[in-house]
Q: 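I am attaching a structure below and will ask some questions about it afterwards.
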Amino acid sequence: MKGNIAYLNPEKKLVSNCVDSVQAYSPVCSRDKIKETGEFKEGNITPLKLDWNESTIPPSPAVKEAIQDALEKDMNLLNWYPELYSKKLASHLAIYSGRSVNEILVTNGSDDALELICKVFLDPGDHVLVPYPTYTHFVTYVQSRGAVLKKVETPDPFKPDITSIINNVTPETKLVYIVNPNNPTGVLISRKQIKTLCSIVKDAVILVDEAYFEFSEKTVADLIETYPNLIVTRTLSKAWALAGLRVGYLVTNHLTVKELSKVLNPKSVSTLAQVAASAALGDIEYMKRYVREVEASKIILLDYFRKKNITAYDSAANYIMVQHPKLELLLKEMENEYIFVRDRSSFKNLPGFFRITIGNNWQTEELVSRLERVLNRI
Ligand SMILES: Cc1ncc(COP(=O)(O)O)c(C=O)c1O
């Protein structure tokens, strides 16, 4: 029951009013299902986990080597707290992003960066503008601050419309959240449009989530020089294949970094995560090779769906959106072939849609042959 935490204290409401009204984030992930069934090894069939846009392959071998090496050589690797503010890693990320180290903050996954930004900028009652559909976990952080989410919905979610975002800005707007390329649609808002947004909306934070930057190869991180209200978040969970270790970062004006640092937990990124991330960044070619394979696979998959007369949208990220009139049946049959994707049809303007992560060459070949069996059955 809302507001009732009688199991803690029936006399006094202990949970904050803001948290009371949060709609719980209820992630649906195939991981447990896959683990429970012993990785489906019995029939020699590998599960295709294509529901959370993670990398479908392990990180560069340099990552494992660096972890093993650190474990062997550093006696205090595990008993000491990690390096505060992940300083060494921050300097690698600064080089990678073409920014100064005082414009970077390393976080425990980019979710942590999103939460930090909400903590620092939002007060109860503030408005947050979000083109919808979006990455829904962010909504939880907004609501937990007592801020109000203002959805900007366009008739066609695959046609981004910066004008309607700008038109919805009011004096109460404190923050605008743009996922670029967007999750789940994969749509990319152009640099020109983001520039327009930043130059018109000067008195709100413009937060651009570039979780899929390595796939789109489009960034606005350099625009922090021109727009002090711009913050860009990124992650090593996708193209860099480190989702299990939790490393993200943000790029913004050095003064904003100072403000955010006041409440950032400087030891929130584990030592192993820092070691792994630095090693991954040292093998950029490995990441780029994977991105190229994903790009090639995307073309194959889009072509396959086109030939089957199934609507599928191209995207600037490592996933595509697909629409099918018999979605429920299709997803069930796909699971029977150990293909796990994300049902996105609960978004009002995405009826019959699922999102599928794109893998590498052999995974795509395998996927297409399994899809062929599925489509023949339904
Ligand atoms: C748009 C977007 N932002 C942030 C995240 C969270 O990433 P991280 O693993 O860095 O917390 C995701 C994960 O799916 C995402 O899609």
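Numbers here simply count residues along the sequence, with the first being 1. Numbering of ligands and ligand atoms starts at 1, following listing order.
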Q: Please say whether more than 12 non-hydrogen atoms of neighbouring residues, nucleotides or ligands are located less than 6.0 Å from CD in E328.
A: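 It does not: E328 CD has 12 such atoms or fewer within range.
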Q: F158 and F353: ring pair (Phe, Tyr, Trp, His ring centres under 6.0 Å), yes or no, with the steps?
A: CA-CA 12 Å; F158 293 94; F353 274 93; 5.5 Å; yes
Q: For ligand 1, would you mind listing the residues that have at least one heavy atom less than 4.0 Å away, ordered by chain and number?
A: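 Its neighbours under 4.0 Å (heavy atoms only) are G109, S110, D111, Y135, V179, N183, D209, A211, Y212, T235, S237, K238, R246, given by chain and number.
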Q: Could you tell me how the ring of Y141 sits relative to the ring of F138: parallel (under 30°), tilted (30 to 60°) or perpendicular (over 60°)?
A: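 Y141 vs F138 ring planes: perpendicular.
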Q: Where do Y319 and F215 land on the ring pair (Phe, Tyr, Trp, His ring centres under 6.0 Å) test, with the steps shown first?
A: CA-CA 10 Å; Y319 48 86; F215 299 100; 8.4 Å; no
Q: Salt bridge or not between D314 and R306? Use side-chain N to carboxylate O under 4.0 Å.
A: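 Here D314 does not pair with R306 in a salt bridge, since their nearest N and O are not under 4.0 Å apart.
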Q: Please indicate whether Q23 has more than 12 foreign heavy atoms, meaning atoms of other residues, nucleotides or ligands, lying under 6.0 Å from its CD.
A: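 No, CD of Q23 has 12 or fewer neighbouring heavy atoms, counting only those of other groups under 6.0 Å.
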